[in-house]
Amino acid sequence: MKAITKFTLALTLAAGVGSAAYANEAAIKARQGQMELYAHYLGLLGGMAKGAVPYDADKAGAAAASLASLTKLDSSRLWPEGSDDMSAEGTRALPAIWDNPDDVMKKAMALGEAAAGMEMAAGQSLESLQGAMGPLGGACGACHKAYRAPDS
Amino acid sequence: MYRAARYFVFLIILAGAVFWWITAPKRVSETDIAGLTGDAVRGETVFWAGGCAACHSAPGAEGDARLVLSGGRGFASDFGTFHAPNISPDPTHGIGGWQAVDLVNAMRHGTAPDGSHYYPAFPYTSYARADLQDMVDLWAFLQTLPASDLPDTAHEVGFPFSIRRLLGGWKFLFSGPDQVVTADLPPEAARGRALVEGLGHCGECHSPRNALGGIDYARWLGGAPNPAGRGTIPNITPGKLTWSEPDLVEYFTSGFTPDYDSAGGEMAEVVQNLAKLPVEDRRAIAAYLKAVPAVE
């Protein structure tokens, strides 16, 4: 009886550990997906800024609105403890993220503000869209500089 | 074999140093810049083009804190770790007691006011190509910045590289040509040449170096191992870099790559500086990068 309980307990624990690793892997994929989505919407806005794609106020406005809503996803589901690049495979997220939650939050909010700025600007004119690209790039880059491992 | 080669090179350097002792130290005199007056507004553009804040601001400084040039950042190299000194206008710990001509000598010849040589970790090999007017304008701008009384951190450099005197030989051997790309270039690319080869000091990171730290001009901008550790610094000649000119301008403005990832590593800081230049300058840099000889 006692042995059975122990055995069940061990199994449950193992399953728990296994599913935690699985959950982390899923979270890593999901947050990379969020980043890829940022890049995808920026592709249209940046293409217009560079003159590679003709400026269209409606399309620009819609892309900027999507980008802004992506910054509002609940991030606690995406960045679980133990999903840094020292503990997990397939990620470039530095452990420093979990040591400096306040600063990470500050950088995430800075992105929210820059994206809101783009949402205001994108539909107005090409010039205002171009003006909003710099702050957006700065917000993405500031977090990558501090919290993402270099591409090896 | 390798050791013998190294010893041989060391002898050459020594010989170079001897040569240096018998030649007068390179100096610009007051009279060379007598006709020039500094314009602090233009000097600010020179400051961002030169990226002085990337090395001389405090580690991790952001925003206006990047204008406090208190020094302190460390730079790893094959020869040891160098620390950027305080160059704020503080009279004791900074360069508040200097004259414009002292800055000109530091940038053009890597020579300190007391006549000693600076290490090329301070990229004067590139800055030497800037105009005297740019340096005098920069001097005017530097004096408008806040003072910091942070003392300098000593370099951690082993023998024989700890002997500053030997740097005379280094300079003799490795101070580069006045122009790296000597072809006739259209005006925009020519402006880009001045920025990239001079103040922008792009070649200091993007070009490979020989065993003694001299830039390999045959592989100019052809990529290099990253002295700061992991990864490599990319080849930015047409041999590898296929981005269009508008892609490059966007990268220098917002830091976005053509697939909308962002510039990483030390380049993130370079982009922060380039973004402060007029867009014409960023276009000029892009035009020059398209005109440099391809390195495969």
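In the text below, chain A, chain B and the rest are named by the order of the sequence lines, each starting its count at 1. Only this structure's heavy atoms are used, side chains among them; waters, hydrogens and symmetry mates stay out.
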Is the count of non-hydrogen atoms from other residues, nucleotides or ligands lying under 6.0 Å from [X] atom [atom1] greater than 12?
X        : atom1 : result
A:Asp99  : CG    : yes
B:Phe252 : CZ    : yes
B:Lys290 : NZ    : yes
B:Lys276 : NZ    : yes

Note: vs chain A, highest number of non-hydrogen pairs under 4.5 angstrom among B:Ser262, B:Ala275, B:Ala263, B:Gly264 is B:Ser262
Heavy-atom pairs under 4.5 Å with chain A, option from B:Gln272, B:Glu250, B:Glu269 with the top count: B:Glu250
Tabulate below the donor-acceptor pairs under 3.5 Å that side-chain atoms of residues 188-203 of chain B make, not counting sequence neighbours, or state none.
from	atom 1	to	atom 2	distance (Å)
B:Arg191	NE	B:Asp281	OD1	3.0
B:Arg191	NH2	B:Asp281	OD1	3.2
B:Arg191	NH2	B:Asp281	OD2	3.2
B:Arg193	NH1	B:Val181	O	2.6
B:Arg193	NH1	B:Ala183	O	3.0
B:Glu197	OE1	B:Val180	N	2.9
B:Glu197	OE2	B:Val181	N	3.0
B:Glu197	OE2	B:Tyr288	OH	2.6
B:His201	ND1	B:Gly50	O	3.4
B:His201	ND1	B:Tyr127	OH	3.4
B:His201	ND1	B:Leu199	O	3.1

What's the spacing between B:Asp259 CG and A:Leu42 CG if we round to 0.5 Å? 11.0 Å
Would you compute the distance between atom CZ of B:Phe256 and atom CG of A:Leu136 and round it to the nearest 0.5 angstrom?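 CG of A:Leu136 is found 4.5 Å from CZ of B:Phe256.
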So, do B:Asp261 and A:Arg148 sit near enough that their side-chain heavy atoms are less than 4.5 Å apart? yes
Does some side-chain heavy atom of B:Asp247 sit less than 4.5 Å from a side-chain heavy atom of A:Lys50?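 Yes - at least one pair of side-chain heavy atoms lies under 4.5 Å apart.
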State which residues pass salt bridge (Lys or Arg N to Asp or Glu O under 4.0 Å) with A:Arg77; sequence neighbours excluded, sorted by chain then number. none
Minimum heavy-atom distance B:Ser254-A:Gly134, with the two atoms named: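 Smallest heavy-atom distance, with atoms named: CB-CA, 4.0 Å.
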